[in-house]
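Each remark here refers to the structure printed beneath this line.
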Amino acid sequence: MKKILLTVLFLLLSLVLFACGSEAEGEEDAQNSEESTEEENKGNTEEQTEDSESPQQGETEETEDGTRTLHRMWEEGETFETGPIVLTIDKIATAEASFEGETADMLETDHIEYIQVDVSVENTSDNDVTFYAGQGRMATSTGEQIEPDLWLSGHIDGEMMAGTKANDTFYYMLENSEAEDVESVRLVFSAPYDSESYDDLGEELDFEIELPKE
C-alpha cells in the first residue's frame, strides 16, 4: 500500500515539476493569439494562468499533504548514439518533498530528496537489440552514486525489438546529500548488444550534464 501511494504522489509531482517547462510555449501562443478568435484568446489566457501557477526554480508549493520544492530544471534535451541505439535525455529536475500527518505516517518518512530524469530511446537497427535505458547509473556532483528507484520509476524494456522507440521517467533518490546542492550529474549506460549473438554493438555511454540554477 505504501509503495502504491508513493508512486501516485510521484506521478503528481512529476506533472507539477515539468509543467513549468511549458511557460515559454504559453508566451508564444499569446503572441499568435492576436490572429485568433476571442474564444481562442480566452483559452490561451487560461493556459498561461495555469502555467504561471506552476512552481519555478527555487519556489515551494504547498499541498494538502505537505510541500514540494523545485530546485533545478534542465530541459535542453541532449542526444547520444552508440551503435544502433539513440538515447535522449529529455529533462532533468532536482527537487524535494515534505509530508505531514497521515501521508507521512503511511510513507514512514516526512521528507525526500530526489532527481527526476526523463529518457527517450530508439533502436534504429533492423534487428532486435538489448539496451537497458532504464538502468543508467548516476553519480552526482555531491558525491553520491545511485541507481533508479525500481518501485517509483517507469519501465523501458531492455529487449528492444527492431525499429522500436520508448520513453519514461526515472527517479533517483538521494540518501546522503540535498537536491539543492546537486550542480551536475554523470550518467553511465552499458553498451548495447545483439539479442541473439550477445555481441556488443556499440560503446558504453558515459556523459555529464550541468544543471544550471536560474
Rounded distance (nearest 0.5 Å) linking atom CG of Leu152 with atom CD1 of Ile112: 7.5 Å
Test of understanding: with salt bridge (charged side-chain N to carboxylate O under 4.0 Å, His left out), list the residues that count as partners of Asp181, not counting sequence neighbours. none
Output the distance between atom CZ (Phe207) and atom CD1 (Ile89), rounded to the nearest 0.5 Å. 4.0 Å
Nearest atoms (heavy-atom pairs only) where Glu203 meets Pro192: O-CD, 4.1 Å
Run the side-chain hydrogen bond (donor to acceptor under 3.5 Å, both in side chains) test on Glu204 and Ser190 for me, step by step, so that the C-alpha distance in whole Å, both residues' side-chain angles and the decisive distance to 0.1 Å come before the verdict. CA-CA 5 Å; Glu204 177 183 79; Ser190 299; 5.1 Å; no
Got Asp200 and Tyr193 here, is their nearest side-chain heavy-atom distance under 4.5 Å? yes
Holding to salt bridge (charged side-chain N to carboxylate O under 4.0 Å, His left out), I want the full list of residues that pass it with Glu210, two or more places apart in sequence or in another chain. none
Minimum-distance pair of heavy atoms, taken over all atoms of Lys91 and Glu75: CG-CB, 3.8 Å
Please check if the side chain of Thr140 supplies one atom and the backbone of Val182 the other of a donor-acceptor pair under 3.5 Å. no
Contacts of Glu122 that satisfy side-chain hydrogen bond (donor to acceptor under 3.5 Å, both in side chains) - sequence neighbours left out: none
Minimum heavy-atom separation for Tyr132 to Phe189, with atom names? O-CD2, 3.8 Å
After noting the C-alpha distance and the side-chain angles of Ser184 and Glu208, does the key distance pass the side-chain hydrogen bond (donor to acceptor under 3.5 Å, both in side chains) rule? CA-CA 7 Å; Ser184 65; Glu208 184 172 358; 2.9 Å; yes
What is the minimum heavy-atom distance between Asp128 and Ala162, and which atoms define it? OD1-N, 3.0 Å
Once rounded to the nearest 0.5 Å, what's the spacing between atom CD1 of Ile115 and atom CG of Leu187? 8.5 Å
With a 4.5 Å cut-off on side-chain heavy atoms, are Glu178 and Glu96 touching? no
Taking the side chain as everything from C-beta on, heavy atoms only, tell me whether Met160 gets closer than 4.5 Å to Ile85. yes
Test side-chain contact (heavy atoms from CB on, under 4.5 Å) applied to Ser98 - qualifying residues, sequence neighbours left out: Thr67, His111
For Pro212 versus Arg72, what's the shortest heavy-atom pair and its separation? C-NH1, 3.8 Å
With the 4.5 Å side-chain cut-off for hydrophobic clustering, are Met173 and Leu150 part of the same group? no
Gap separating the CG atom of Leu70 from the OG1 atom of Thr94, nearest 0.5 angstrom: 6.5 Å
Does Asp110 have any side-chain hydrogen bond (donor to acceptor under 3.5 Å, both in side chains) partners at least two apart in sequence or in another chain, and if so, which? none
Would the distance check show the side chain of Thr169 and the main-chain N or O of Asp118 forming a donor-acceptor pair, the cut-off being under 3.5 Å? no
Do Thr130 and Glu159 touch side chain to side chain, with heavy atoms closer than 4.5 Å? yes
Point-to-point distance, once rounded to the nearest 0.5 Å, from CD1 of Ile92 to OH of Tyr172: 9.0 Å
Within this structure, what is the CD-CD distance for the pair Glu180 and Glu113, rounded to the nearest 0.5 Å? 8.5 Å
Looking at side-chain heavy atoms only, is the closest gap between Val185 and Trp74 below 4.5 Å? no
Search all heavy atoms of Pro84 against all heavy atoms of Val129 and return the closest pair with its distance. CG-CG2, 3.9 Å
In chain order, what residues pass the side-chain contact (heavy atoms from CB on, under 4.5 Å) check against Ala166, with sequence neighbours excluded? Val121, Ile156
Honestly curious: do Ile209 and Val86 fall in one hydrophobic cluster under the side-chain, below-4.5 Å linking rule? no
For Met161, does its backbone N or O pair with a side-chain atom of Asn123 as donor and acceptor, under 3.5 Å? yes
If Ile, Leu, Val, Met, Phe, Trp and Tyr residues are connected whenever their side-chain heavy atoms lie under 4.5 Å apart, and connections chain through other members, are Met138 and Phe80 in the same group? yes
